[in-house]
Amino acid sequence: MPMDDETRARVAAARRDALEARLTHPLTEEQRAQVLTRIERTLKLAEAMRRLPLTNADEPEIVFAPYRGAR
Amino acid sequence: MSDDLTFATVAELGRLIRTGAVSPVELAERAIARTETIGKRLNAVVTMTPELALAQAKQAEDELAAGVDRGPLHGIPYGAKDLLAVPGYPTSWGAAPFADQRFDSEATVVARLHEAGAVLVAKLAMVEIAGGFGYEQANAALTGPGKNSWSEAAWTGGSSSGSGAAVGAGCVPFAIGTETWGSIHCPSAFNGITGLRPTYGRVSRYGAMALSWTMDKIGPMTHTVDDAATVYGVIAGPDPKDPPTMHGRESLTADPGRRFKFGVCRGAFENAQPEVIANTNSAIEVLKDFADVEEVDLPDLPWDAAATTIVFTEAAAAFEEFILDGRPAGLTAPEDRAGLHHALTIPAVDYLRALRIRRAGGRAMDEAMTGFDAFVAPTYPHVANPIDRPFASYFEREQRHNLGGVGNLLGLPSITVPNGFGERGLPTGLEFLGRAHDEEGILAAARAYQLRTDWHTKHPTY
């Protein structure tokens with residue numbers, strides 16, 4: 001279900017907080033705003049993707065081939 | 001400064017070399033001189049490689065004189081996008097933090113071109129880290145804003161900026177570019193040249209910077225479709241150093257005698273500039289001479305959302321340490337310095353959702369394309385933007401509908417060819433998008449178009 005604007009803003013802020021906890025160099029205020037905007041965009045992309053219904057049978061396009069060497 | 005050799009094709013130069021009208025050394029010297037002057041003026045060059053070029057050219061000359069002929073690229077100068085590793089020279093990825101980076105190993109594409117006798121003249125400029133940090137204007141490379149070969153007031157496009165300008169300006173007859181999403185097609189269309197983006201996994205990525213492991217492709221940028229086919233034939237093929245190349249299907253063989261069938265994606269250019277629409281419609285009339293043309297709609301899937309999610313996530317993973325260490329602070333474009341941080345917060349379920357859409361979409365799109373030789377659309381809905389303006393102020397991203405999202409998400413091959421001129425006298429491009437592994441089909445289609453038009457023979461004057 002798509003988020004309303006307020007929820008999206010809270011999720012985006014939380015994600016940014018989690019990110020900043022990992023950074024060794026702090027972001028400027030302008031950069032923090034930019035990061036927040038881009039996080040909000042990724043949230044909208046996630047919503048856009050979820051408009052396509054998928055079932056449990058819809059697998060990702062990944063081919064995992066367990067490796068075995070020649071010997 | 002230009003003469004008959006300046007914009008000669010690979011095929012033409014090959015004939016001239018073999019008749020003795022020009023030598024590989026002379027061609028190398030000409031290419032070095034023009035790249036050193038005009039190429040640098042266009043901010044198309046990171047590093048010149050004159051020592052290597054002259055040595056390779058001399059070797060080519062000696063070999064050909066001794067009857068050793070390595071094929072159509074023997075003695076032909078070229079440029080390589082500066083994310084391809086060449087021992088002995090820096091490989092900067094277009095980014096100041098990596099300006100002095102060097103690799104001991106040679107990219108497979110470069111090695112194959114070397115084996116074929118091609119002559120490397122320069123490492124060419126690119127948007128920093130192939131645009132993965134989200135640049136929003138043209139000054140996003142350590143070499144400065146890339147200038148268009150038709151007008152220095154226009155952007156050359158990206159991220160294979162220098163490759164587009166160097167070929168467009170006649171510095172070299174071909175260059176190697178790469179595309180994650182748009183980076184061959186954009187500079188090719190904007191500079192009025194031909195660009196081939198092969199099926200994902202057709203050309204080895206070994207020795208090339210990785211931006212997005214499942215979306216990075218390497219391809220030729222040339223004056224003609226024939227030249228693109230020639231270069232592609234040399235660089236493509238299995239490489240144990242790049243596992244995806246080991247699992248591909250044999251390239252399909254086009255039937256030269258039959259009539260083609262194209263699907264025109266009207267939805268891809270409903271918001272395009274008027275001249276782009278006019279040029280596309282004119283091109284469609286040319287296509288009708290040798291093809292049945294039918295309007296088609298793309299399957300309705302969130303192509304761009306899935307493609308964007310994959311690029312963001314994979315790029316963030318590829319550059320995770322670089323981001324967390326604060327090194328993006330050294331990037332040229334201010335918006336790049338915190339441009340990819342957000343992608344570190346994308347959850348795995350979103351990335352996997354995008355991969356699930358890729359799988360479902362791949363089957364839906366192949367079904368939709370069955371029976372067609374290609375889907376056709378403007379390569380870009382607009383000409384090159386003014387170099388001094390943010391991209392969004394010239395053409396809104398949201399209006400930029402083309403086949404880039406679906407084509408790159410699904411790893412489909414595509415070729416762009418020039419098809420006229422538009423606003424401010426700048427080139428426009430036409431794209432032929434093929435089914436997976438149908439490089440031969442789209443090359444044949446684009447070749448048939450170029451046989452009936454002369455846009456690929458138009459060049460800027462210097």
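A note on names: the letters A, B, ... follow the listed sequences, proteins ahead of strands, and every chain is numbered from 1.
Contact detail for B:I323 and A:L23: the closest heavy-atom pair is O-CD2, 4.5 Å. Residues B:T309 and A:M49 come closest through the heavy atom pair OG1-CE, 3.5 Å. Looking at every heavy atom in both residues, B:P302 comes nearest to A:A48 through CB-O, 3.6 Å.
The residue among B:P334, B:A343, B:P347 with the most heavy atom pairs within less than 4.5 Å of chain A is B:P347. Counting heavy-atom pairs closer than 4.5 Å to chain B, the top-ranked of the candidates A:R16, A:R32, A:K44, A:Q34 is A:Q34. Chosen from B:G326, B:A338, B:A354, the residue pairing most often with chain A at heavy-atom distances under 4.5 Å is B:A338. Among the candidates A:T24, A:L43, A:L54, the residue making the largest number of heavy-atom pairs closer than 4.5 Å to chain B is A:L54.
Within the 4.5 Å cutoff, no side-chain heavy atoms of B:H341 are placed close to those of A:R22. Inter-residue side-chain proximity for B:L355 and A:E59 is flagged as unmet; no heavy-atom pair is nearer than 4.5 Å. Under the 4.5 Å side-chain criterion, counting only non-hydrogen atoms from C-beta, A:R41 is in contact with B:T308. Residues A:D58 and B:R359 form no side-chain contact, since every pair of their non-hydrogen atoms from C-beta on lies 4.5 Å or further apart.
Both the backbone and the side chain of A:L52 come within contact range of chain B, judged by heavy atoms closer than 4.5 Å. The contact between B:L301 and chain A is made entirely by side chain atoms (from C-beta outward), counting heavy-atom distances below 4.5 Å. Heavy atoms closer than 4.5 Å to chain B are found nowhere in A:A18, neither backbone nor side chain. Neither the backbone nor the side chain of A:R51 comes within contact range of chain B; no heavy atom of the residue lies under 4.5 Å from a heavy atom of that chain. Residue A:I62 touches chain B through its side chain alone, counting heavy-atom pairs closer than 4.5 Å. Using a 4.5 Å cut-off between heavy atoms, B:R363 touches chain A through its side chain atoms alone.
Note that CD1 of A:I39 and CG of B:L344 are 9.5 Å apart. Values are rounded to the nearest 0.5 Å. Here B:I346 contributes atom CD1 and A:T42 contributes atom OG1; the two are 5.0 Å apart, rounded to the nearest 0.5 Å.
A salt bridge is absent between B:E335 and A:R38: the closest approach of a Lys/Arg side-chain nitrogen to an acidic carboxylate oxygen does not fall below 4.0 angstrom. A salt bridge does not link B:R358 to A:E61: none of the charged nitrogens lies less than 4.0 Å from a carboxylate oxygen. A salt bridge links A:R50 with B:D350; the closest basic N to acidic carboxylate O contact falls under 4.0 Å. Checked for salt-bridge contact, B:R337 and A:E30 miss the test: no charged N lies under 4.0 Å from a carboxylate O.
Heavy-atom contacts from other residues, nucleotides or ligands closer than 6.0 Å to CG of B:D100 number 12 or fewer. Within a 6.0 Å sphere centred on CG of A:D4, heavy atoms belonging to other residues, nucleotides or ligands number more than 12. Taking a 6.0 Å sphere around CG of B:D297, one finds it holds 12 or fewer heavy atoms contributed by other residues, nucleotides or ligands.
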